[in-house]
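Whatever order the structure lists ligands and atoms in, that order sets their numbers, starting from 1. Computation of the quantities below employed the complete heavy-atom set of this structure, encompassing side-chain atoms and omitting hydrogens, waters and symmetry-equivalent molecules. Keep in mind that what you see is a predicted model, and the values were worked out from it rather than measured.
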Amino acid sequence: MNGPSFPTNLDAQVEAARQTRVDDLRLTENSSDKVFDLIVKTAAHYFNAPIVLISILDQQRQWFKAKIGISRAETARQDAFCNYTIQTRQIMEVLDSLADPRFESNALVLNPPHIRYYAGAPLITIDGLGLGSLCIIDTKPRPALSPQERTMLEHMRDMVMARIDSLRIDSFVDEPSGLYNRTRLQMDVGESLKDGKRVMAVAADMQSLPFLNDVIKTLGYTFTNDLMLAMRDRFFEVLPDGATLYKISPTRFAFILLGENRRNAPALLKRILKCFKTPIDCKGIPVQSDLALGVLDLGPEDTSSNDLLRLIVSAADDARRRKVGIAWHDPILDSAQLRAFKLLSSLAHTLQSGNEFWLAFQPRMNLRTGKCNSVEALLRWNHPTLGSISPGEFIPLAEKTALIKPLGRWVLAEAVRQQAAWRSEGLKLQIGINVSAEDLQDTEFVAELERLIEKEMISPSDLGLEFTESAIIRNGEDTRRVLQRISHLGLEMAIDDFGTGYSNWAYLRQLPASTVKLDQSFVSEVESDVKAKQLLRTVITAAKGLGYKTVVEGIETQEQLQLVREWGCDEVQGYLIAKPMNASSLISWLEIFDATDIV
Ligand code: C2E
Ligand code: CA
Ligand code: CA
């Protein structure tokens, strides 16, 4: 005889779905359930059967959610009669197992409990997954069930399924609010889409997390919970019929809009925002909520429904960040997030090896001598799959993480190494390094700078440091002290992107800087726009008047060069002179440049 034909008969995918359902039904085997126990008792009584089981099929075994007349809690799955029951999908009866070739050598027949008679009603979910069975067992053969008995067994089986469903519903409820939870939201959206409907899902972020933490700290958990219930009630007032409310995280609700509600969404969402502008009264204390709505509209063809929660939550975050109240899911923003994530995760990896980075050098030309005495080091990243990535993209990203620190260190070490190499070749060329706010906050950075200068035996004046106003303003006193220390070492200190920030001149004067670099945005419109021309002239004159060496960046045309030279600018940098290039191209460039007269 062949063994039972499961699970080869059961499609592997169906089996996986079935198992997940067994898990998420919360049919935990250790907790007994009064309702299941009662059903089993009633069945034993009605059918006058020594053994009754509610049996659930696991991967390896069948275990009993409720049982009567048997002490063991499980058997091997291969011996389970209900393997057959869930496949037939109807009541399966075995009148005498010893006369049935499928069971005559079954362990449960030959050994205790010595099953001779079996009647099983399969437990099938609405979506067609067979979970196990309700079964009546005798140790003696029996005649077949009468039609009435079959109906009774089916009724009892239906009671078991009803109980299973209600347990399942419990697992979809957010306890404190009594609302459905995120799992249920995901499922409801999935179901509507399956029915061919369009669904609009909206995440409602009530408050920023820091604010919520403050409320908890000041007024306690009970108050916070009551506040959340008051918010829920306000939603009940403003949401139209048919829009179910969900609780998806401590600070967020969600709802879905279908049909008419979906078509009226723009007006409805505005009304909701307005409604939450009035403070919410909680135990006599008015609390201002700060609602941000994130919206995603889905049709049956959409594939993003699996990602639903992430997408609506990040749209709501976007609304909060931009202070616009409502933001629609933006696939472009989302792909930007995915790219940012990809870049940052590979950056972490690359920093360990360092071999995807290199420094490009862009010459600065002295307008008085026409010579190049210094270059700016610009970081380059050749990503193995994404290609060359601009520092304008990955540095701001890295600045939001701890990765900026090792990145800054890499640039520093590489610039010093290059300086030492040039020095040993007899080339005298200052290298300007860009530093970010994080580098300047960190006294270890200065220590490392000192150590490297000493180790490579280079002169500090062979290095320059470029920092932006915004990097200083963000961190104040500490950063200024670090700058002082670096300045005392003897590096050329330059304020980068000068004039693009707040440009509090009085404040800038206190910074230890001898040079200002004027941003390329000043230059780009100088030829076409009279005001831009006047502005650049004014800034150069003012900077000169304050005693700064002025460097204008982004010079692309002879006209621009002529103008800034007339106005007294000291040095220029830009594509007209040279683009950033690698160290060996720079050497060739210098040879030609020194021999020609570009000025
Ligand atoms: P930045 O310091 O203002 O650097 C000047 C930028 O202008 C460079 O862009 C350079 O390639 C570009 N540029 C130079 N001349 C011209 C020109 O004539 N026309 C135009 N259109 N552009 C010109 P890049 O290399 O993409 O760097 C962008 C920014 O990334 C830099 O702006 C700097 O803020 C940052 N950065 C680059 N390397 C580093 C680094 O090692 N550390 C830090 N913290 N930041 C860096
Ligand atoms: Ca710079
Ligand atoms: Ca700049």
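Taking atom 6 (C) of ligand 1 as the reference point, the nearest protein heavy-atom neighbour is L378 CD2, 4.8 Å. When hydrogens are left out, the protein atom nearest atom 28 (C) of ligand 1 is P391 CG, 3.9 Å; that is the closest non-hydrogen contact. Here the protein heavy atom with the shortest distance to atom 7 (O) of ligand 1 is Q520 OE1, 3.9 Å. Looking at atom 15 (N) of ligand 1, its nearest protein heavy atom turns out to be Q362 NE2, 3.0 Å. Of the protein's non-hydrogen atoms, the one nearest atom 46 (C) of ligand 1 is I395 CD1, 3.1 Å. Protein heavy atom at the shortest distance from atom 5 (C) of ligand 1 is E553 OE2, 3.9 Å. Protein heavy atom at the shortest distance from atom 19 (N) of ligand 1 is E556 OE2, 2.6 Å. In this structure, atom 13 (N) of ligand 1 lies nearest to the protein heavy atom Y575 CE2, 3.8 Å.
Here atom 38 (N) of ligand 1 lies nearest to L379 when heavy atoms of I555, L379, T557 are compared. Atom 42 (N) of ligand 1 has its nearest heavy-atom neighbour, among N434, V411, L576, in N434.
For an aromatic pair to be called close, the ring centres must be under 6.0 Å apart, and F255 with Y246 fails this. The aromatic ring centroids of F498 and F522 lie 6.0 Å or more from each other. Aromatic ring centroids of W589 and F361 lie 6.0 Å or more apart.
There is no side-chain donor-acceptor pair under 3.5 Å between E571 and T550.
Scanning both residues, A360 and P580, for their nearest heavy atoms gives CB-CB, 3.8 Å. Smallest separation of non-hydrogen atoms from E527 and T557: OE2-OG1, 3.3 Å.
Within ligand 1, counting atoms from 1 as listed, the ones closer than 4.0 Å to a heavy atom of S436 are 44 (N). Per-residue contacts place P580 under 4.0 angstrom from the following atoms of ligand 1 (heavy atoms of the residue considered): 11 (O). The distance from ligand 1 to the heavy atoms of G554 drops below 4.0 Å at these ligand atoms: 16 (C), 17 (C), 18 (O). Heavy-atom proximity to E376, at under 4.0 Å, picks out these atoms of ligand 1: 2 (O), 4 (O). Near G574, meaning under 4.0 Å from one of its heavy atoms, ligand 1 places the atoms 15 (N), 18 (O). Atoms of ligand 1 lying under 4.0 Å from any heavy atom of D497, numbered from 1 in the order shown and given with element: 3 (O).
Remark: atom 26 (O) of ligand 1 lies closer than 4.0 Å to at least one protein heavy atom. Within a 4.0 Å radius of atom 9 (O) of ligand 1, the protein contributes no non-hydrogen atoms.
Because the distance cut-off is set at 3.0 Å, E376 qualifies as a neighbour of the Ca ion (ligand 2) through one of its N, O or S atoms. Among the atoms of D497, no N, O or S atom is found under 3.0 Å from the Ca ion (ligand 2).
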Query raised in the report: What's the verdict on side-chain hydrogen bond (donor to acceptor under 3.5 Å, both in side chains) for T515 and E492, showing C-alpha distance, side-chain angles and the deciding distance?
Result: CA-CA 8 Å; T515 303; E492 181 190 355; 2.5 Å; yes
Requested in this report: Apply side-chain hydrogen bond (donor to acceptor under 3.5 Å, both in side chains) to T350 and E356, showing your working.
Outcome: CA-CA 7 Å; T350 305; E356 288 165 20; 3.0 Å; yes
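Between M581 and S588 the shortest side-chain heavy-atom distance does not fall below 4.5 Å. Side-chain contact between F276 and D290 is absent, with no heavy atoms from C-beta onward closer than 4.5 Å. Within the 4.5 Å cutoff, the side chain of M365 has no heavy atoms near those of the V551 side chain.
Not a single N or O atom of E399, backbone or side chain, sits closer than 3.5 Å to an N or O atom of ligand 1. Considering backbone and side-chain N/O of D519, none are found under 3.5 Å from N/O of ligand 1.
Of the heavy atoms in L407, none comes closer than 4.0 Å to ligand 1.
Distance alone, capped at 3.5 Å, is enough to place a donor-acceptor pair between the Q430 side chain and the S461 backbone. Looking at N225, its side chain never comes within 3.5 Å of a backbone N or O of P176 through a donor-acceptor pair.
Take the N/O/S atoms of D496: the one nearest the Ca ion (ligand 3) is OD1. Of all the N, O or S atoms in E466, the one closest to the Ca ion (ligand 2) is OE1. Distances from the Ca ion (ligand 3) to the N/O/S atoms of E553 are shortest for OE1.
The aromatic rings of F394 and W381 stand perpendicular to each other, their planes meeting at an angle above 60°, with 30° marking the opposite boundary.
Contact analysis puts R380 in contact with ligand 1, with a non-hydrogen atom separation below 4.0 angstrom.
If you run side chain to side chain donor-acceptor pair (under 3.5 Å) between Q573 and each of Q362, R364, Q520, only Q362 comes through.
Residue S521 holds its OG atom at 9.5 Å from CD of E553, rounded to the nearest 0.5 Å.
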